[in-house]
Each structure stands twice: as C-alpha cells, then as structure tokens.
Student: 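Pasting in a structure now, in structure tokens, and then I'll have a few things to ask.
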Amino acid sequence: MTTMLSARGLMKSFGAVTAADDVNIEVPSGQRVSLIGSNGAGKTTFVNMVTGYLKPDAGTIALDGREITGLGPRRITRLGVARSFQIPQLALDMTALDNMLVAAACNDGELSFWKPARSPGRRARAMALLERFDLAAHAQRKVSELPGGVRKLLDIAMALTGQPKLLLLDEPTSGVSVEEKFPMMDTIAGALAAEKVTVLFVEHDMEIVTRYADRVIAFYSGRVIADDPPDAVLADEQVQRYVTGSLRQGA
Amino acid sequence: MLNIESVNVTIQSVQALRGFSLAVERGSMVGLVGRNGAGKTTLLRTIMGHLTPIAGRVSWDGVDLATVPRHARAAMGVGYMPEDRGLVPELTVEENILVPVWVSKTLDERERLARVYEVLPELREMRERRALLLSGGQQKLVALARALAVGTRLLLLDEPFEGVAPALSQRLSEVVFGLRGKDLTVVIAQSELNHAASMLDREVVIERGANAKEKAA
Amino acid sequence: MLALTILIDGIVYASWLFIVALGLTLVFGVLKILNIAHGSFYAVGAYAAASFVGWFATLGLAPELSPVAMLLAAVAVAALLAPLTERGLLRVFYGRDEVLLVLVTYALFLILEDVTKLVWGPTPYYVSEPYMLFGNVEFGTLSYVGYDFMLIIVAVLCGLAVWWGLNRTRIGKIVLAVIHSDEIASSMGVNVSRIYTFAFMFGIFLAALAGALTAPMVSVQPGLSVGVIIVSFAVVIIGGLGSIEGAAIGALIVGLARALAVHTWPAAELFSIYIAMAIVLVFRPEGLFQRVQARKI
Amino acid sequence: QETFRIGVVSFLSGQAAESFGIPAVNGAKLLVEAFNNGAAPAPYDKKGFGGMTVEAIYVDEAGGATKQVQELKNLYDRENVDVVVGYVSSGDCLAVAPVAEEMKRFLILYDCGTPRIFEERDYEYVFRTAAHATMDNVALGRYLKAKNVKVDSINYINQDYAWGHDSLKDFQLTMEQLYPNAKTGQDLRPKFGAGQYGTEISALLQKPASITHSSLWGGDLQALMLQSAPRGLMKRSQVVLSAGDHVLPGLGDKMPDGVILGARGAYGLMSPDTPLNRWWFSEYEKKYNVYPVQAPYRMAQALLGLKLVAEKAIAANGGKKPSPEQLAAALKGFEWESPAGKIQMVNGKGHQAIQPTAIGRTQYNKEKKRVDIVDIVRFPAECVNPPADMKAEDWIKAGFKGAKC
Amino acid sequence: MDNPILKTALAGGAAIVALLAAGFVMPKWLLFLSTMAISHGLVSMGIVLLMRSGVVSFGQGFVFAAGGYAAALLANHTGITDAVVLVLGGGLAAALLAAPFSPLLSRYRGIFFAMLTLAISMVLYGILVKSEAMGGSDGFNVSRPTLFGNEISSEGANLALYSVAVVLVGLLATVARVYSDSVRGMVSLAIRENELRIEYLGASVSGAIAVNFVFAAFLGGVGGALTVLALGHIEPNFSYWTTSGEFVFVAILSGHHSMLAVFLASFVVEVVRSFSNLYFPNTWQLAMGLFLLVVIRFLPRGLGSLWIDRQVARRAEQEARA
Ligand SMILES: Nc1ncnc2c1ncn2[C@@H]1O[C@H](COP(=O)(O)OP(=O)(O)OP(=O)(O)O)[C@@H](O)[C@H]1O
Ligand SMILES: Nc1ncnc2c1ncn2[C@@H]1O[C@H](COP(=O)(O)OP(=O)(O)OP(=O)(O)O)[C@@H](O)[C@H]1O
Ligand SMILES: [Mg+2]
Ligand SMILES: [Mg+2]
C-alpha cells in the first residue's frame, strides 16, 4: 500500500502560540483517518498546512510521493487534494446549484470563455450530487438564505465534485443536526468507498469517530499525543484527559 | 418570564418563524431543538431585536420588547451568545468579556470579571490574547463568558456546544447548569442536546419555524 | 539646507493633509463609508470659518480671538450637518454594499457643492487675519509664517487625541466592537447608532476644522472641495484604511514626496502623490497599517 | 414677434466660476437687459437686435469637452439658438469649434486663450472676439522693457496644464527676445487647483530671481498671493502676473503693492476713458457692487459686436432673421468699439480679433479701499498681436516682425 | 433553438436592428446623445465585468483615454481613416497598454484595486497634460473618419457614427453576455463572493481577474475610440478621475446582472444631466445628486434588477417544474 500523505517534522507557530510542534503523520492511501483534539490543538492548522493555506515554519509535506511543501492551495488542489471548511466557504449571493456548477466547472479544467456554464451535462452532475446530500430541495435558494447546517453540507458536496485522491474535512458534522449527521457521513463514506479516496476528517463527536474512522490521531497543544486505531486512542489516558474528558468524569 | 406569542418572522421573503410560541418560566432552563434551518437562530435573534416580527409579540419580564431599542436588552440582564461567536478580533479576551460591562450602568467590572473567571478559570491564562488568534472552540468559551458577564437574568445561547471538543463541551454544560437556581433563565438552542438534555427542565422542538410536539425532560 | 527646507515644507503640508485624512479614515474605520463628500465638509468648514471670523469682527472681538471663531465654526458644522447627514441620509443605506455607499456620498458631494453655492454665493471670502496672528519665523534665508507651525501642532494634537481615544480608552474599544459588527455590539448593550453618529460627527468636525484652518490661506470659493478629495484618499490608502498611525505616515509620505518633487524636480509634482501611492501599494497591498482580519478558516 | 436666441456657455460651477464664469454671465445678463430696453449708448441703442427681442439661455461649462460638445448640439438642435457665445476653457473651444463648423451654425468664442484655434485650421462659422493669450505675455515683456526693469534671472510658477504651459512658453520666448541674457531660475508647475503653495514659495525664496512670472488665476492666484506676501516674496523679487486683474477687488489690501499685472486686455481699472466704457463700468458696478474685471469685459465685447453684426445681417436680409451664413459673413473682418477699445477681426482670415491691451502696477488706495493700478502703459493691438499671416510663436521668435508699437 | 449562445446572439442582433431603425427617426441631438451614451456605456460595461469578479476599477479613464488617443493618433498620423478600423485599433491599443498592469493589479481587491487603477489613470493624465506635441491639457482635434472607403457627409455624420456605435457595441455587448454566461463568467461571479473557495477548487483567481481586466480594457478602449470619433476631439480629461468616476457611477447604477442595463443607465444619466444642465444651470449638480439618491434608494441592486429578478424567478420556476 502506498503512502498518500506524509508529513514530517511540521512546525508552525503564531507569535507565542505553537500550533504545530514536530508533527509527523503518514497516511496510507485509502485510509480514513480522524483528527481529534482539544480546541486550539492545531487540527485546522494541520489541514491548512497540508492544503497550502499556511506554510509550515519547518518540515516537509509529501503527497503521493511528491513533495508539496510551500505550494499554494490552487496547485495542491490540482494535484488531487480537496477540502471542506470548518466555516463553510461558499458564494453567498449565488444559489446552491450555481455553487455546485462553479465547483464542477472548476474541476473540468481550463475555464472556457464561451461554453455556457449551465450546460445540461454539468447541471445533471451537480444535481446528482445535491440529491445525494439531500440538498436538491435547496438547489434554487441563495446560499445566504440557507441555514448553517445546510451550508455545511453544501460545502462538503462542493469539495466532492472533483475526484480527489485525498480529502480533508474540517469538522464535517459540526452544526449539522443529529438527524442528518449520520446519513451525511454515510453518504460521504459511500461516495468515497468505491473510489478509494484517502480521507482525513477533523471531528469532535466521538460517536462519529468510532463509527467511521480506521485510525485516529489525537492532537494536543500542537503535538500528536496518540495515533492508533480508534479504540486504542480513546482508551489513551492523555486523550481521555485532554480531549474526550472521560477520564475526569470517571475520576 | 420570557414570553413569545405566535411570532411570524420573515427574512428576505423566507418565512423563518410561523406563529411560534414559547413561554419560559423565570429561573428555568429550556432547550430549543430542531433540525438545520428550523428557526432556532432566527428566534434568538428576534428576541435580541435584530429581526422584527411581522406578527406576534415578544416580552421579557412583562415588557414588550418591541418597545425597547435593541441595545437596551443587555441592560435588562439579557446575555446572548451568537452562533458564530462574534468576538471582536482586535480586542483581547478580557476586553471582549468586559465590553458589555463597560457600557452597562449597573454592573461592576471587578465583580463580573471575578465571577466569570470563577466559573471559567481556563480563561485566565488567555486573558491577554487577542480574540482573533483563538481557535474556534476557544472562541466559544470567550463568547460564553461574555454572555455570562452581562446576562445576569436571561441567557440566550445559540449552539454553545457546537464544534467544541467533548472535554470542553462537558465543562461548558457544567458551567451553564451550575448557574441553576440563581434566578437565571436560560434558553439553549442546539440541534442535539445529548449530554445536556438530562439537565434541562424542558425541551422545546421547533420544526420549520413552528412549534412541534413538546417533550418534558 | 535644502534637505531641511524640504523637511519643513513636507511636514507643514503633511499636517494639513493629516487633519483632513484623519477624519476620512475615522469615518471609514467606524462606519465603513469611504466618504467622497468629506471634501465638501472641508469646504463648508472653510466657509463657516469665513462667516464666523467675519461675525466675530462685527461683534468687535479682538482678532486674536479668530482661532476661537474657526474652532467654533468647525464645531457648528459638525453639530449641525453631521447628525443631519448621518441620521437623515446615511442611515437609510447602512448594510448596503460598500461601493453603493461610496455612490451615496458622491451624490451628497454633488448636492453639497450646489448647496454651499446657494448659501454663500459665488463670490470669494477672505479671512486672512488669523494667518498673520502668529508672526513670522525666519529660517536662514527663508521666512515662514508662524501659522504653519501652529498647523503642525494642531495636527499632532488631533492625531494624538484620536489615537488615544481609540486605542487607550474604553470608548475606543467599544467603537472597535461596533466596527467589527453592529449586531454583536448592540447585543452587548452598545448603543450603536449613537456611536455612528458621534464617530461621523467627529470625522466631519476634523474635515471642517481642516477647512477652517485653511480658510485664512486661501480665498474661500466654489471648487475648494474637489482638490482635497483625491489627495486625502491617497493618504488614507497609503496608510491603510481606518488606521490613525497610517494616516499620519501616509500624510508624511505624500507631503515629503511632494516637497521633494517641487524642490528638485518641479515637473514631477503632478505625479508625486500617485507614484508614492503606487510604490507603497506594490510593497504593501493593503497599505502600511492593515487592519487585523478575523480568521476565516 | 421673433426673438433672437443666444446660448451663453460659461462656468457656473467649479474653480473657474467665481473668477470668470459668473462675472461674465452677470455681464451678459446686464447687457441683454440693456439691449432689450434700448438702454445702451449709441451705436448700441436700438431695442433688442434690430427690433428682435434677445433671449439668452445659460449653460454651465463645467464637466469637460465631451459634455460641452453634447450641450452645444443640444443648444443648436434642441433649443434652436441662433448663436452660441461661450467657452472659457481652451480645451472646450478646441472641441466645440469644429462641431459648430460641421453643423454650419454660428459660434462666438468669447474668452479662451489658445492661439491654436485659428492657427490649426480655417473656419467659416466660428469666431473669436477677443485676442488670444499671446498678447498677454508679450505685453508683459514689453512693459518690463518700457519701465527699464532690470532682469537677470526669472523664476516661473505656472499651473501644470495647457494654459500655464502656453503662458510660460510665450513669456519665455518674449524674454529671450527682449532680455537675451536673463537666466531661468525655478520653473515650478503646481497642479491646477493646488491651493497650498507653501513648498513652492520656499523654493521661490530659496533662489530669488529678479522677477517671478506667473499666469495663475482665480483661487489659485489668490491663494498664492495670500501665502506669499507674508513670507516676503514680493520684497525679494518683482512679481509679474499675466492675467491677474480679476483678483484685485476680492483681495483688496491683501494684494501687495508694486506687483506688475495685466488683464488680458485694457480691462477694468486699465480700461480707456470713453463714454461707452463709462456707461458700462458704472452700470456694472451699480448692479453688482463690484467693478467689472476682465471676464465681463470680454463677454461685453462679444455681445456688442454680435449686436451690430446681427443688425447688419438683419438689415441685409430685409428685416428677417439672418441665416448663420449671413451672420458669419457680417462678422468676418468686422470692427467695432468696445468698452476696452477697438476690436478688429483681422487675424484668422477675419475670424480672430486683435485688440489693444495695457499693463500696470498695483498700489493700494486707502481712501477708496481698493487696489489701484498705476504706471499704466498701453499697447496698441498691432504692437502685441501677431500679424494676420503669422503664427504667434513664429512671430515672437522672429523678433515681433512687423509689430507697430 | 436550445443553444443558449445562439439565443443570446439572436437577441443581440435584434437589439442592433431595433436601435439602428430607431436612429432614423431620432432627432439629431438625441442621436448624438445616444452615441455618447452607447460608447460610454461600453466603458461601464467593462467595469461591470470587473465588478462581476469582485473588483471595481476607478481608473477606467486610463483605457478610455488610451483607446481614444490611439484612434486619434492613428487617424491624424497614419492615414487610416476607416471608423471601424480606428475603433478596433483603439480597443486593441488599450488592451495592450493595460495588459502589463494586469498581473500586478490582480493581486489587489476592493478599494486598493480601485485606488491603484486610479493612480495609473492619473499618471497617464499627467503624462498627457505634459505632452505638448499632443496639445497638452487642451488636447487636439480629429478629422471625421470614413466608413468602408466612403466619405461621411457632415449631415450624415451623426447617423453614421451612431450606426457604427450601435453595431460595434451591440456585437461587443453580445460577446460580453455570452462571456458572462460562460464557465469563466460564472466562476468570476463566484470569485466576487468567495475567492478562497475558488482557489480551493483549483482555479486561478488572479488569472481570472487579470483576463477580465484586459477584456474590460478592450471594451474601454473601443468606447474611448468611438467617443473620439463622434466628438472629433480628445483631451487628457478622458483619463481624469472624475471621468472614471462617472463610468463607475453608471456601472453601479446599472447593477452587475444585466448588460442591457448598463446602456440604459448610461442613457438615463446623459439625459438627466443634459436636461438639468439646461433647466437648472446653477443647481444641476444638486438635481443629479438627488436623482442618484432616489435611484440608489429604490433600486439598490441597479436598474438591471428591474427585470433580472423576474428572470431569475422564472428560471427557478422552470427548474422546479423540471
Ligand atoms: N492565522 C492564525 N493566526 C494566529 N493564530 C492562529 C492562526 N491559526 C491558528 N492559530 C492558533 O493556533 C492554535 C491552533 O489553532 P487551530 O485552529 O489549528 O485549532 P483547532 O485544533 O482546529 O481547534 P478547534 O477545534 O477549536 O477548531 C490556536 O491556539 C490558534 O489560536
Ligand atoms: N439571512 C437570511 N436570509 C434569508 N433567509 C434566512 C437568512 N437566515 C436564515 N434564513 C432562513 O430562516 C430559516 C431559519 O434559519 P435559522 O438560521 O434560524 O435556523 P437554525 O435552526 O438556527 O439552523 P442551524 O441549526 O443550521 O443553525 C431557514 O430556512 C433559513 O433559510
Ligand atoms: Mg479547527
Ligand atoms: Mg442556527
């Protein structure tokens, strides 16, 4: 099995705050990894470094054997990395469908100067994805009118329009109501299973973590404090103390 | 008590609340649950005066809130924690907490600060950090503290546990429920109430902007 | 000697510019409005000063009191026009697109242009008495007017006052909260509309003050407003929108660039401001002091 | 009864309104009223234009050449005016002249200064009833020579646009002829409407020259005077202004004594003592509480000429309203008396006027509370204007060939 | 008939024919006013295209002047007299002149983009004012062009230039419409809303803005050249900030949803200005200001929102049925 993502010795600090402190992570392709950690532990920072939003102060990141440290988001995306955001990043004044069409158009490569954006083929693809996320009813509504949870779903759906090798989801379920959480994760898992996409997802909900992750990496204060299958990580004493809180409660 | 009588609210031609009613007894804690887009945020923003109902009435303590300007709610002891935290990025954590105290005519700065640090001691360490540097969860903590600083009588918390790591989320609910019995009325809007549910007096379900069946806690 | 002259000339020009730009940057900082009509308030300030100084003279007050008259003129303009514009006009458009608000202030500029003409007529006003009040300062072969140095002091005082007010006082921090989000600020109990009115009023006061201070050096007549708009915009952009320190440094850069051009290469004066602005922006795309942004992702 | 419609275009807003546009329009209003009442002195005493009531429409010149062309077309096509009298800005003149020509409509340029208009091409329907700006600076140079002013070096301060550039060039060329040894010191080019001249004044003081030449006007000139007098510029250098008369009534005692200035014609306080001028001067002063400076004078000479020409053409047309061709034919090569002396349409194939001018020196008159102009030297039109067959610049360079002084 | 490009082209063609026909019945002054409105509208249309990608140029006077001067110099010095060639030459020259700036400008957003473009236009203004060979600030005159080898008579000039403007601008507006409906056009629109997302979808934001800037420059140049030919005169004021300001003003008045609205806005502004100038010569600015406020107050999303909103609703309905 090849290594999809390999981060070595990543360091990142913001002034006095250390958000990544010698982070080493290897992810084999096809694996589903959950990143957990206390708030401010550096999960989003890690995702941001992998996707090129932030440059690490030190360390290297390689994707599928190719070094990508220091490349910008656009280049990295073109290499097959997609992500969703903790706070959805959408075109607020456009409809949900148009957002999907934009995503589809961008993924089609070169932007045509004259081919109509709303071509039937692209539309069908976009609608299919919307349907899969149970968003079809919202297709014609402006994003600014959509509630937070729906935006979250749309944000993830947009990340999925391309066929990424590596998908990073930053708190996919936060803000999504219970009724929709599991179906949504099932949808994502279903969509990806066939294509053997490697997934990293940041998550605070341990139920989701145990159900969907092959492996869990726990962060605390910029460091990786545990990196094992879910059961092992959740049983870890440090993880229980700093992340899940189960230790204190039990004590 | 907080009394919401069949309010209708529309936002840009979307009807977000349809004749929604809710009465919250003084000193009780109510959970407002509903799916995404049910109208939870809309309800809280309506109470805060950021949206104006086209029909219905909202009153707090017998005062019709339509008659008070939106900034006067804080002076009536109402604390609000918005869904997106809404911290002032340039200000430090402590200043963020204190802004509502500064504009208040009655609150004592030292007393409120001591009180907040007492219930949320982890804030002490980051008091000097600028709010914009904090991670999402940390910001939630500060937003809660700010609501607590001014919300002496009514707390409106919009998704306080969202995006918060389990350890912290437990802390937050402990803090909130630790306030019980102090004549404090609390409304928590959340799509799920898992561990918090057991501590609430009542859970109100909102569905597509209207009241749905109610279950007693 | 030449260097020193350039320095003095640059600073004198910069202090005038700074007072204008300070008001502009303040209004932008708080209300998020890039106020094209700022120049009109400057012109109204100059007219008001002319009227007030003349009025003081008819009351038989000593000419030494004319600075008081000028100050009162600026206060009067701010107290009368600012609430009227802010409450009567701008408020209607809050929350709209920034560019749209620029257009609103452009309309205001057009309106004020004719209104000043209707009120004060086309004939120029002269109030040069205050210009001589502070005597002359000899400087080698050069003779400066004391008034110019007084202008520097006023500029420094205004700058310090606003900077102190915004950064070191609670009011300032409350204003920061409003700047960030009026919804959140009002949830916290801040009377947002009052803050807006006051901030706008203060910005207009500064514009009017700059106009009043300029009145003795020029003839007050139609067309005064246009000249200051672009150059004060340039200052504010160089400094970073909404930044007080930025406006100060921006004014110095523009003032010195201009003085350097006039003394060493007069033909380039016309370009000096724009070149200075372009150079700064190429290296600092958001101006020298950019406003801190909240994390987006 | 038929009316004769005149479109009057001048600045009603912006920087040139106060100094040029509004005084000129005021002058126009006064004259139109006097014409319609038959109140002007002979030979302008017939009611209206040969019996036709004169009706004037006033349009703002502010807003650039595009707008002016558009408004000109509107005036002719929509408002059906018989003639347009207007334009202070040379750019506007250059833009509108070919348009009127193409529309075959009668156009009188009354104020703008650039010599280019009739030097670059010939017109049939377009006229300028005032001398172009070359006269101003040539007269200024001749005055210095006549008064034996010693000139070793010259500092310049002129606005950075065509008017400033042209004035600078004319004066420089003139001085090269008259004072071949004078050196150029500072050549400052503040931008139009700068308002603040502290830096420029420092530069002028740092290297004071025998004379300081400036073609600034309006608010800019007033500001320069207000800011430079207290700093002693006038004490270190003889200031000469090519077009400065119009700031005198406003500046009053703030205008330093001893400044040499022109009015772009024998206007205002330098106007000749004739019955016509006495009438005009006092009527204007009575009506507007200030004496007429250059702008109303130039408007007056245009309207007075127009009146005679219109009457001539009406007579030739059997009492009916003349066509643009008839009006043009009547104005071509015409001469008439204006308050500022005789206007002769001799240059530009009879389309460009020449006129006498005068230069003087300021002196504050405490009793009258106004600035007087003393030491006036008058220059006949042929002395300071190029002959019909020569371009202005070439004429100066050729040592004012054929000038009759 | 289902091909949307064809549909747009047909609509564009119909508009051109209708406007040409209208030209024959218009009074002369209106003909000229319309020519100006159309050619100025084209410049504003460039701004609208930029607005669609989230930036507003306050320096469109730069390309307006570039196109105008290019056409004028070509006409006066190279012997080229054909109106269409001159106009396209102007557009090309403006695009060429703007192209080197586009990579730099595409790094900027909001007011900084606006001010930097303004600085560029003002530097050009300064250079033009100082160029005595081209008449400095007074500018110079341009002789009447020919059309396809034919002289244009002075009586027919208004109509001829109006027709040239209608046809060229009509074609360009159609192209712009097709472009803004295209993949790239829609991505541009999304950039305006959230450029971070666009980068994360793998498309180049600065690339898109740079392309739009050059396209807008071409349109601006064509607008400038048309103006110069109709006016017969050019001067540095073409590049002055107030000129640019008016273009922005028309663009905002029209809103960024409709190409047709730009021309309507441009026309309305010209008419209002022309009449208020005549009827209130002393207070026309006041009249303009009030007019502006009223429009902004009641049509905040521009004139285009008058019909675009309905169109969007119709589309939503269609989708719902589908
Ligand atoms: N752009 C930034 N500027 C300054 N500090 C930052 C920035 N991004 C992150 N930080 C700091 O780095 C630390 C890690 O932040 P990060 O967002 O990675 O946390 P997280 O693990 O995603 O937390 P959460 O679960 O709350 O989202 C925090 O202390 C945060 O304040
Ligand atoms: N700015 C807006 N413009 C238009 N419609 C809006 C706006 N904000 C909310 N709505 C609509 O109001 C309804 C209620 O939204 P609200 O945000 O109150 O839901 P919520 O229950 O808080 O959802 P969530 O759990 O996702 O936060 C939704 O249908 C939404 O589409
Ligand atoms: Mg995070
Ligand atoms: Mg919500």
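Side chains included, hydrogens not; waters and symmetry mates left out as well; all remaining heavy atoms used. Below, chains carry the letters A, B, ... as their sequence lines are ordered, and counting in each starts from 1.
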Student: With a 4.5 angstrom heavy-atom cut-off, is it the side chain or the backbone of E:F280 that approaches chain D, or both, or neither?
Tutor: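 Answer is neither: E:F280 stays 4.5 Å or more from chain D.
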Student: Heavy-atom cut-off 4.5 Å, strictly under: side chain, backbone, both or neither for D:K191 against chain E?
Tutor: neither
Student: Please find the pair of heavy atoms, one from D:A162 and one from E:G135, that lie closest to each other, and give the distance.
Tutor: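 Nearest heavy atoms, D:A162 then E:G135: CB-O, 4.3 Å.
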Student: Where does D:L75 contact chain E at under 4.5 Å (heavy atoms): side chain, backbone, both or neither?
Tutor: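 It is the side chain, since no backbone atom gets that close.
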Student: Which bit of D:R121 comes within less than 4.5 Å of chain E, counting heavy atoms only: side chain, backbone, both or neither?
Tutor: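 Contact with chain E involves no heavy atom of D:R121 at all.
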Student: Please check this pair: side chain of D:D160 against backbone of E:K130, looking for a donor-acceptor N/O pair closer than 3.5 Å.
Tutor: no
Student: Between E:H40, E:R144, E:E246, which shows the greatest number of heavy-atom pairs under 4.5 Å with chain D?
Tutor: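 Highest number of pairs under 4.5 Å: E:R144.
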Student: Side chain, backbone, both or neither: which part of D:I57 has an atom under 4.5 Å from a heavy atom of chain E?
Tutor: side chain
Student: Show the nearest heavy-atom pair for residues E:V129 and D:Y161, with the distance to one decimal.
Tutor: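 Residues E:V129 and D:Y161, closest heavy atoms: CG1-CA, 3.9 Å.
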Student: Quick check with a 6.0 Å cut-off and a 45 degree axis cone: is D:R116 positioned over the face of E:F140's six-membered ring?
Tutor: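 No, D:R116 and E:F140 do not form such a contact.
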Student: Below 4.5 Å from any heavy atom of chain D, which atoms of E:T242 appear? Answer side chain, backbone, both or neither.
Tutor: neither
Student: What are the two closest heavy atoms between D:G91 and E:D138, and how far apart are they?
Tutor: N-OD1, 3.2 Å
Student: Could you pull out the closest heavy-atom pair between D:L94 and E:G139, with the gap in Å?
Tutor: CD1-O, 3.9 Å
Student: For the candidates D:S13, D:G64, D:A65, which exhibits the highest count of non-hydrogen atom pairs separated by less than 4.5 Å from chain E?
Tutor: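 That would be D:A65.
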Student: Rounded to the nearest 0.5 Å, what separation is found between the NE2 atom of D:H165 and the CD atom of E:E132?
Tutor: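 Answer rounded to 0.5 Å: 6.5 Å.
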Student: Would you mind telling me which of D:V99, D:T66, D:T114, D:D166 has the largest number of heavy-atom pairs within less than 4.5 Å of chain E?
Tutor: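 Looking at each option in turn, the highest pair count goes to D:T66.
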Student: Provide the closest heavy-atom pair for E:W29 versus D:K73 in the form atom of the first, atom of the second, distance.
Tutor: CB-O, 4.2 Å
Student: Can you see which heavy atom on D:E71 is nearest to which on E:S274, and at what distance?
Tutor: OE2-CA, 3.5 Å
